[in-house]
Amino acid sequence: MNSNPLQEIESEKNLIGYLLMRGVAGQEDLGLSPDDFYMDTHRRVFEAVTDLINEGTNIDLVTVTNQMREKRLFKDESRDLEYITSLYKDTVPFQPLDYYVRRVKRVSDRRKYVEALTQAIDKVKIEPGENDSVFSLVEQSLMDISRQERSKGLRKVKDDANALIDYIKNVVAASQNGTGGINGLKTHFTGLDMATTGLKSHELMILAARPGNGKTTFALNIAANAALKERKTVVIFSLEMSRIELLLKLISADARIDSYALKAGTLTSAQMTQLKDSIGNITSASLYIDDSGYLTIQEFSARLRQLRTTEEVGLVIVDYLQLMSDPKAAMGGRQQEVANISRGLKQMAREVGCPIIALSQMNRSIENRSKDQRPQLSDLRESGAIEQDADIVCFIYREEMVKPPEELDPNKRGMAEIIIAKNRAGATADFPLMFNPKISRFDNVPL
């Protein structure tokens, strides 16, 4: 029995001996590096093996020892040669090569994790700054080790056969069970769901609009639908509005009660009954709100990781992107800072495994266009990085916000146009929704 869980010398010996006797079929990448080995001699031997694989040279005792000699990898040539020859002669591997590769890699990852934990302890002791920022640095270093462990590098596509079959089965099942082929998270806004087939677990969606067009309301409506209708855990990071303001919007939309009447307290007895029911609905949902006001991308990541230890997060909303900060990137200017924040949001969508909707500001230059003020991708503030990282970019456009009443088409009153200007996994589209700002609610247009 191995008394040290951080080293497996016998597995290393068997792996090296196997390579010296039988080589590597197809000269494939083994997914190991020299520093995955605990013994120094084994590291140096495997460095020579790696060089030979990269050169396309067959692996055997002669080629390996010659390579070590040419690369000056011997420390004591006579002793090293004696040891390597003994591995070649005496090793009798009873398992296939990949068995020993997995064993060596497993204990190597554990050693790296222990090293990361040790460094993390030292960092916690000496790192300046707020706890959230320090803890985020520690968590990030540990997540890097986990990602490296899960990474498989180059893989033959035949390894994905089962996953592809399962995906197709799910798509077909979704199209046949009345969900209209929606295989991601349903927003319950028909046009959006049809264009995206639902929000996917790794996607970053940017929702942008000029002030007063209802982007916070639209995001909250999606949040309520995900929490109440899809029974998902939804997390809202609000950097502008308080949690009470957000809850009032959610309740107003659910009860369809005028938010002004709600705030003024001028409610009828029937409305009070509706209100109580809606308060029960909203407060019983799996909703989390963070209204800290000031939020760095590091704090955002740390809080999500912490919640993920106890909850399976289904949707995250950030209101809004440009109010976030990244102290590490601030010295490089605002463009660089926003780029880091955008990239951090995308990475967290992949890491946590849920869609993230980030609200975004738009440039004021859109107001200077005399004819068509319908938004486009270049209207995103600090648009380059945001557009690049986003999987989906949606705009809200309300014609009644830009045209005087006498020029407005009567059919456009109370209407909003949702413009999907980017859709990495599908087609762009636009569709109408009814919008009633008094009750903080968007609704599908009846067919």
Side-chain angles (χ1 to χ4, degrees), residues 1-120 122 141-159:
M1 183 176 177
N2 185 17
S3 60
N4 189 339
L6 298 182
Q7 62 184 64
E8 283 196 11
I9 302 302
E10 288 304 312
S11 291
E12 292 186 9
K13 287 181 177 180
N14 278 294
L15 195 156
I16 297 294
Y18 190 112
L19 292 172
L20 293 173
M21 289 190 300
R22 303 178 186 176
V24 185
Q27 303 295 98
E28 68 262 24
D29 178 9
L30 296 175
L32 291 174
S33 63
D35 64 4
D36 285 318
F37 291 82
Y38 183 82
M39 273 188 62
D40 176 62
T41 308
H42 296 161
R43 288 195 205 107
R44 290 183 282 114
V45 173
F46 194 76
E47 184 176 341
V49 169
T50 302
D51 289 340
L52 292 171
I53 289 175
N54 292 337
E55 294 170 4
T57 303
N58 290 331
I59 309 298
D60 57 38
L61 178 62
V62 174
T63 58
V64 170
T65 53
N66 284 343
Q67 183 75 5
M68 292 184 71
R69 189 175 292 111
E70 291 176 13
K71 296 289 185 177
R72 298 183 178 180
L73 295 173
F74 287 124
K75 286 190 175 179
D76 182 327
E77 185 167 339
S78 60
R79 292 183 64 180
D80 285 345
L81 278 173
E82 181 181 357
Y83 178 73
I84 295 167
T85 303
S86 72
L87 290 181
Y88 173 74
K89 290 181 177 179
D90 301 336
T91 302
V92 183
F94 291 101
Q95 301 291 342
L97 179 61
D98 62 353
Y99 171 83
Y100 299 113
V101 170
R102 288 198 306 271
R103 301 289 296 188
V104 170
K105 183 63 175 171
R106 183 177 68 88
V107 292
S108 170
D109 286 334
R110 290 191 180 191
R111 288 196 300 272
K112 291 174 185 176
Y113 209 78
V114 168
E115 182 182 358
L117 285 169
T118 303
Q119 293 174 353
D122 293 338
S141 66
L142 298 181
M143 288 303 302
D144 287 344
I145 297 292
S146 297
R147 276 196 291 272
Q148 289 169 17
E149 184 178 353
R150 291 193 299 268
S151 176
K152 299 186 179 177
L154 293 172
R155 298 167 56 198
K156 291 183 178 178
V157 294
K158 70 177 183 180
D159 297 336

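One is the number of the first residue; the rest follow in order along the sequence. The structure presented is a predicted model; accordingly, all values stated were derived computationally and were not measured. Below, all heavy atoms of this structure are taken into account, side chains as well, without hydrogens, waters or symmetry copies.
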Pairwise distance [atom1]([X]) to [atom2]([Y]) - rounded to 0.5 angstrom:
| X | Y | atom1 | atom2 | answer |
| --- | --- | --- | --- | --- |
| Leu73 | Glu47 | CG | CD | 4.5 Å |
| Glu12 | Ser108 | CD | OG | 9.0 Å |
| Ile59 | Leu19 | CD1 | CG | 7.0 Å |

Return the set of residues passing salt bridge (Lys or Arg N to Asp or Glu O under 4.0 Å) with [X] (not counting sequence neighbours), or none when no residue passes.
| X | value |
| --- | --- |
| Arg103 | Glu8 |
| Asp40 | Arg43, Arg44, Lys75 |
| Arg102 | Asp98 |

Holding to side chain to side chain donor-acceptor pair (under 3.5 Å), I want the full list of residues that pass it with [X], two or more places apart in sequence or in another chain.
| X | value |
| --- | --- |
| Asp90 | none |
| Gln95 | none |
| Asp51 | none |
| Arg69 | Asn66, Glu77 |

Checklist outcome for this item: The residue among Arg111, Lys105, Arg106 that forms salt bridge (Lys or Arg N to Asp or Glu O under 4.0 Å) with Asp109 is Lys105
Item to check | Selection residues 56-91 - residue pairs positive for ring-ring contact (aromatic ring centres under 6.0 Å, His included), sequence neighbours left out | outcome: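 Found His42-Tyr83.
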Checklist entry - Backbone N or O of Leu61 within a donor-acceptor pair of the Thr65 side chain at under 3.5 Å? => result yes
Checklist entry - Okay, side chain of Thr63, backbone of Asp60: is any donor-acceptor separation there less than 3.5 Å? => result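 Such a contact is found between Thr63 side chain and Asp60 backbone.
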Next on the checklist: Just to verify, what does Thr118 make a side chain to side chain contact (heavy atoms under 4.5 Å, CB included) with, not counting sequence neighbours?
Outcome noted: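 Applying side chain to side chain contact (heavy atoms under 4.5 Å, CB included) to Thr118 gives Val114, Asp122.
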Next on the checklist: Suppose we screen for side chain to side chain contact (heavy atoms under 4.5 Å, CB included). Which residues come up paired with Ser33, at least two apart in sequence or across chains?
Outcome noted: Asp35, Asp36
Next on the checklist: Is any side-chain heavy atom of Tyr99 closer than 4.5 Å to one of Asn14?
Outcome noted: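 Asn14 does not reach Tyr99 side chain to side chain.
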Next on the checklist: Is the shortest side-chain heavy-atom distance between Ile16 and Phe37 below 4.5 Å?
Outcome noted: yes
Checklist entry - In chain order, what residues pass the ring-ring contact (aromatic ring centres under 6.0 Å, His included) check against Tyr100, with sequence neighbours excluded? => result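 With sequence neighbours excluded, Tyr100 shows a ring-ring contact (aromatic ring centres under 6.0 Å, His included) to no residue whatsoever.
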Checklist outcome for this item: Heavy-atom closest pair (Val64 atom, Ala48 atom, distance to 0.1 Å) is O-CB, 4.0 Å
Item to check | Passing option when Leu32 is tested against Val49, Thr50, Leu15 for side-chain contact (heavy atoms from CB on, under 4.5 Å) | outcome: Leu15
Next on the checklist: Run Lys112 and Glu115 through salt bridge (charged side-chain N to carboxylate O under 4.0 Å, His left out) and show every step you take.
Outcome noted: CA-CA 5 Å; Lys112 291 174 185 176; Glu115 182 182 358; over 6 Å; no
